[in-house]
Amino acid sequence: MTKEEAILQIRQLSKEIEEHNFRYYQQSAPIISDYEFDVLLNKLIALEKDWPAFIQSDSPTMRVGGTITKEFKTVTHKYPMMSLGNTYSEEELNEFDERIRKILPGEQLEYACELKFDGVAIGITYKNGQLVQAVTRGDGVQGDDVTTNVKTIRTIPLQLKMPDANDLFESARAFPDAFEVRGEIIMPRAVFERINEDRIDIGEAPFANPRNCASGTLKMQDSSEVSKRRLDCFLYGYYGTPLFTNHFEAMNGISNWNFKVSEHRKLCASIEEVMSYIHYWDEKREELPFDIDGIVVKVNSYRQQEELGFTAKSPRWAISYKYKAASVATQLEEVTYQVGRTGAITPVANLTPVLLAGTTVKRASLHNADQIAKLDLHVNDTVFVEKGGEIIPKITGVDILKRKENSSPVLYITHCPECNSILQRKEGEAHHYCLNEEECGPQIKGKIEHFTGRKAMNLEGLGSETIDLFVEKGIIKNIADIYSIDKDSILQLDRFGEKSAQNIMDGIEKSKEVPFEKVLFAIGIRYVGDTVARKLARHFKSIDAIRNATIEQLTDAPEVGSVIARSVIDFFSKPSNQQLIDRLINVELQFELKADALPITLGDQLTGKTVVVTGTFERHSRDELKQLIEQHGGKNGSSVSKKTNYLLAGSDSGPSKTDKARELGVQVISESDFESIISIKN
Ligand code: IVH
């Protein structure tokens, strides 16, 4: 392929993919399947790999990320990012209306009402229709440049389309050469819950709410991880050449340029109408797939906004009405304690059941000992329970007036509720821990459950009930015991017949093929989730390299900070863990990275084709070529036969293979032939 052809292909593919992105994310009306979409995207990824000089800064491959940012650059905002004054009552809202009417006597007023998205504010600059920079609010004057991460958010256009002249209606305008849009990056609730489940599983503190999760995600170093987290963004501000006369028109305008603007905004002619919008969303907000914490009310006319101006901190023309978190009083019946896989103790408040925001609440999370102390919780206290952004309700306070005389404070347990060993709390840690890993029931079961889970060894036959039974019957006590299970001991249990026992045995055997990165996740090192396990596996390539690594070597790996590194060192410092790993190595689990364990499918150009590689090459090693073959759907053959489709021959390949190929009519190709096969789908 010539340089010109590559540029053209990259441009055409980028345009085609963005078009499909737009149909999928903005219009919810895709015209191709996800698979077809991936094929197009992978084709572009491959082309960009071969011609990195022609990668466009608005390439749709930015959506899948891949750039590592060690430190985010500080950028000064062109227009300061102000905050809004808050109100919590109808009265204060009326005062806001009165203040405005005093400054603009006799004028007609319209209020633009919007949802107040509970996320992270962002300012995004476009030049000549291209996204050039995205900056967080920071202190309002300066923020962090998070452009690469923001580019992974599918609903944010990378390149704007000129509004189609035929579609032009009243408020449609062409976008100016340079402008900024502002909005809120949010984490949909469903994504937040999934991420937290994963975090709890590896012993990491869950995010308190979707906002914190969105903010943490935006600051991740590896944009390909950000891409997986499915952030979203609603825009609510336009800053640039004056094109519009009011806010509502501006929002329609930017929505015509393909920005995602909430459909739930409304123009209100009076403060009473504003109030009913507020009431409506107070009832309905639970039904939204994301969190809002209030309503923003803005004077619609830009001229009036200008006349009203700003105070030192916020505009006089806008205000936010904050919803009070739903709260209710009930009685604390008992505090119980759960033991997790890592031995962490979580106190739980058991409450007299009470209705709160449509659901019956029986339990509330108490997090740790400090929180119990901070609340000064007493047995049988009347407590206030709140459901804010958090999924699990929390106790926000105690009604002291209702406290019974002589009631005693809740005392944190000193011994494990399961195995009775003394609990420990390390300095700087929020939780108490039971250290009796090998004898404490929930820890034994939890570790085995983690090991057999879908994201780990995927041992379907060993679900939580079976594990409970096997542990209780003494068949297994740790993850390595799984590989010594014999069929007869399963058959002795009432629940299992020949077939189900055989299924378990087959599953165990099959798990020996599970790739290294999943095995590394499965062994359950604290803080090593599936992502970190993948990074560690790719970086170190074998368990031996990991278990011999120093703190410095560990922190050199991507995504690995000192907490994770310390946890890996701690894990391998325990002889019992070393023994477990040795036993697992002996039964031949995968403890090395396989050459073909590379991340993504790059294309399907070689599906159903067998390629034999021989000789040496200019631009790739033989192993790299073999990986590329598999990444493009092909198979590697070791010798030339009738089934071979291509012989990929390098410079000093011996005559035996090439002669054989010619004899059998197998096509002999060079490195550049190969490159064009995998770059362009014929
Ligand atoms: S307008 C001059 N509109 O609320 C301020 N803000 O306390 C312009 N927010 O930092 C902000 N939804 O992060 C505006 N529909 C909305 C909003 C919104 C959420 C956030 C934003 C801002 C904070 C103000």
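For ligands, and for the atoms within them, numbers begin at 1 and follow the listed sequence. Everything numeric in this text was worked out from a predicted model, so none of it was measured. Sequence positions, counted from 1, serve as the residue numbers for this chain.
Taking the six-membered ring for Trp and the full ring otherwise, the centers of Y302 and W317 sit at least 6.0 Å from each other. For F259 and Y126, the ring centers are positioned less than 6.0 Å apart.
The nearest pair of heavy atoms linking K78 to E180 is CB-OE1, 4.4 Å.
For the pair V120 and ligand 1, no heavy-atom separation below 4.0 Å is found. Heavy-atom separations between P315 and ligand 1 include at least one value shorter than 4.0 Å.
With a 4.0 Å cut-off on non-hydrogen atoms, E184 touches ligand 1 through its side chain and not its backbone. Of the heavy atoms in L84, both backbone and side-chain atoms come closer than 4.0 Å to ligand 1.
A cation-pi contact links R199 to F207, judged by a cut-off of 6.0 Å to the six-membered ring centre and 45° from its axis. R316 forms no cation-pi arrangement with F310, by the criterion of a distance under 6.0 Å to the ring centre and an angle within 45° of the ring axis.
Looking at ligand 1, you'll find an N or O of F117 within less than 3.5 Å of one of its N or O atoms. Polar contact check, W317 against ligand 1: no nitrogen or oxygen pair lies under 3.5 Å apart.
Remark: minimum distance from atom 4 (O) of ligand 1 to any protein heavy atom is reached at K116 NZ, 3.3 Å. Ranking protein heavy atoms by distance to atom 21 (C) of ligand 1, first place goes to Y236 OH, 3.0 Å. Looking at atom 5 (C) of ligand 1, its nearest protein heavy atom turns out to be M82 O, 3.5 Å.
Close contacts of ligand 1 with E114, meaning ligand atoms under 4.0 Å from a residue heavy atom, involve 3 (N), 15 (N), 16 (C). Remark: ligand 1 atoms within the under-4.0 Å shell around heavy atoms of K298 are 1 (S), 3 (N), 14 (C).
Distance check: D399 CG to D381 CG gives 9.0 Å after rounding to the nearest 0.5 Å. To the nearest 0.5 Å, atom NE2 of residue H247 and atom OG of residue S301 are 12.5 Å apart.
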E184 and C233: CA distance, side-chain angles, deciding distance, side chain to side chain contact (heavy atoms under 4.5 Å, CB included) verdict:
CA-CA 6 Å; E184 200 87 349; C233 181; over 6 Å; no
